[in-house]
Number of protein chains: 2
Amino acid sequence: MVAEPLAEIDAVGLAKGFKALGDPARLRLLSMIAARAGDEVCVCELTDAFTQSGPTISHHLKVLRDAGLVTSERRGSWVYYRVVPSALAALSKLLDTSAMAVAAEA
Amino acid sequence: MVAEPLAEIDAVGLAKGFKALGDPARLRLLSMIAARAGDEVCVCELTDAFTQSGPTISHHLKVLRDAGLVTSERRGSWVYYRVVPSALAALSKLLDTSAMAVAAEA
DNA sequence: TGTCAAACTCGACGGGTGTCGAATCAAGAA
DNA sequence: TTCTTGATTCGACACCCGTCGAGTTTGACA
């Protein structure tokens, strides 16, 4: 958030990322993928951990993919997901700098 | 995101915060407030900077308030907003640790 | 009291979102 | 090829969200 307020054009792109995180199911999905720390996670493993249906999980994964937060790769019969660290870092930094800017004043 | 995947109960609360950030107008509002670094911003100043109507801005500020990301205080005829650093830091940390966990593997 | 300005609430509209079952696609095994 | 399993896409439903104009509240000032 920094010293300079966000330009509208930047806000649109960043909001897409935050919007993708704005659902409990997606947040849990991302956390389960990120918890593997470099390793990938099979979709079958994710669907087993949720009460929602397969199509719903697939939809949420697509939202995370479209937001650039995760990538997917098919190997054989299974599809594996992994996080995109730079994308998460960009969102994190935005909030961090703004929090710091305010904290520094106190 | 850390080593442990998010519990569903935690995910619900955190998702509220991210959801509030998932709109370009709200992201810009928050950035304008945060850019003041400890100082507060008058609503009148915010509405002037946007093309949206007053009621719309007021609605977005309420969403940010309900999410605990900002606080408001009335003084005289004007209402002033300021950010809640700890709330932003909590969201930032979640993304940061997950990004770090993955980056550390590489 | 009455009036004015700032901010919020209300009601409504159009479009978007989460969810599911059914159908479809992809890849391996018989 | 046909069959089976994993994953996605499709179509539909109920609900939510961003937006506005109109009306309401709050406080200052005559």
Side-chain angles (χ1 to χ4, degrees), chain A residues 6 8-9 11-33 36 40-82, chain B residues 6 8-9 11-33 36 40-82:
Chain A
L6 274 175
E8 187 168 1
I9 187 79
V12 172
L14 290 163
K16 279 194 175 68
F18 286 120
K19 191 174 184 179
L21 297 173
D23 181 275
R26 285 197 291 270
L27 211 46
R28 285 187 61 209
L29 282 169
L30 188 63
S31 85
M32 292 183 67
I33 301 172
R36 288 302 178 80
E40 41 198 12
V41 180
C42 176
V43 172
C44 59
E45 202 172 334
L46 296 172
T47 52
D48 287 350
F50 285 78
T51 61
Q52 286 107 326
S53 71
T56 297
I57 300 301
S58 199
H59 162 69
H60 286 310
L61 288 172
K62 176 175 167 53
V63 172
L64 289 173
R65 227 185 318 131
D66 289 347
L69 270 36
V70 301
T71 57
S72 66
E73 182 193 354
R74 174 167 218 126
R75 269 205 316 284
S77 299
W78 295 274
V79 176
Y80 298 89
Y81 279 78
R82 62 175 64 204
Chain B
L6 273 176
E8 187 170 0
I9 187 80
V12 172
L14 290 164
K16 279 193 175 69
F18 286 121
K19 191 173 184 181
L21 296 174
D23 181 276
R26 285 197 291 268
L27 211 45
R28 285 186 62 209
L29 281 169
L30 187 64
S31 85
M32 291 182 68
I33 301 172
R36 286 303 178 79
E40 40 199 11
V41 180
C42 177
V43 172
C44 60
E45 201 173 335
L46 296 171
T47 53
D48 288 350
F50 285 79
T51 60
Q52 285 106 326
S53 70
T56 297
I57 300 301
S58 199
H59 163 69
H60 285 312
L61 288 172
K62 175 175 168 53
V63 173
L64 290 172
R65 228 184 319 130
D66 289 346
L69 270 37
V70 301
T71 58
S72 64
E73 183 192 353
R74 174 166 218 130
R75 271 209 310 286
S77 300
W78 294 274
V79 176
Y80 298 89
Y81 279 77
R82 61 175 63 204

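From a predicted model like this one, the values you see are computed outputs, not experimental measurements. The chains referred to below are lettered A, B, ... by the order of the sequence lines, with proteins before strands, and numbering in each begins at 1.
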Any non-hydrogen side-chain atom of [X] less than 4.5 Å from a side-chain atom of [Y]?
X	Y	result
B/Met32	B/Phe50	yes
A/Thr56	A/His60	yes
A/Leu21	A/Leu69	yes
A/Asp23	A/Val63	no
A/Arg75	A/Glu40	yes

Within this structure, what is the [atom1]-to-[atom2] distance between [X] and [N], rounded to whole angstrom?
X	N	atom1	atom2	result
B/Leu64	C/dA7	CG	C1'	16 Å
A/Leu29	D/dA7	CG	P	13 Å
B/Glu45	C/dA7	CD	P	10 Å
B/Leu61	C/dA7	CG	C1'	10 Å
B/Phe50	D/dC20	CZ	C1'	17 Å
B/Leu21	D/dC17	CG	P	15 Å
B/Asp66	C/dT9	CG	C1'	13 Å
B/Ile57	D/dC20	CD1	P	8 Å

To the nearest 0.5 angstrom, please state how far the CG atom of B/Leu27 sits from the NZ atom of A/Lys16. 12.0 Å
What is the distance from atom CZ of A/Arg65 to atom OG of A/Ser58, rounded to the nearest 0.5 Å? 7.0 Å
Reading DNA chain D from 5' onward, which residue's closest nucleotide shows up sooner: A/Lys62 or A/Trp78? A/Trp78
Taking protein heavy atoms under 4.0 Å as touching, what does nucleotides 21-30 of chain C look like 5' to 3' if B marks base contact, S marks sugar-phosphate-only contact and - marks none? BB---SSS--
Quick tally for nucleotides 13-18 of chain C: nucleotides whose base has a protein heavy atom under 4.0 Å get B, sugar-phosphate-only ones S, the rest -, giving ----SS
Below the 4.0 Å mark, does C/dA7 have OP1 or OP2 next to a side-chain nitrogen or oxygen of B/Tyr81? no
Heavy-atom nearest pair, B/Ala11 first then A/Arg28, reads CB-CG, 3.4 Å
Using the side chain to side chain contact (heavy atoms under 4.5 Å, CB included) rule, take A/Ile33 and A/Leu61 through it: C-alpha gap first, then chi angles, then the decisive distance, then the call. CA-CA 11 Å; A/Ile33 301 172; A/Leu61 288 172; 4.3 Å; yes
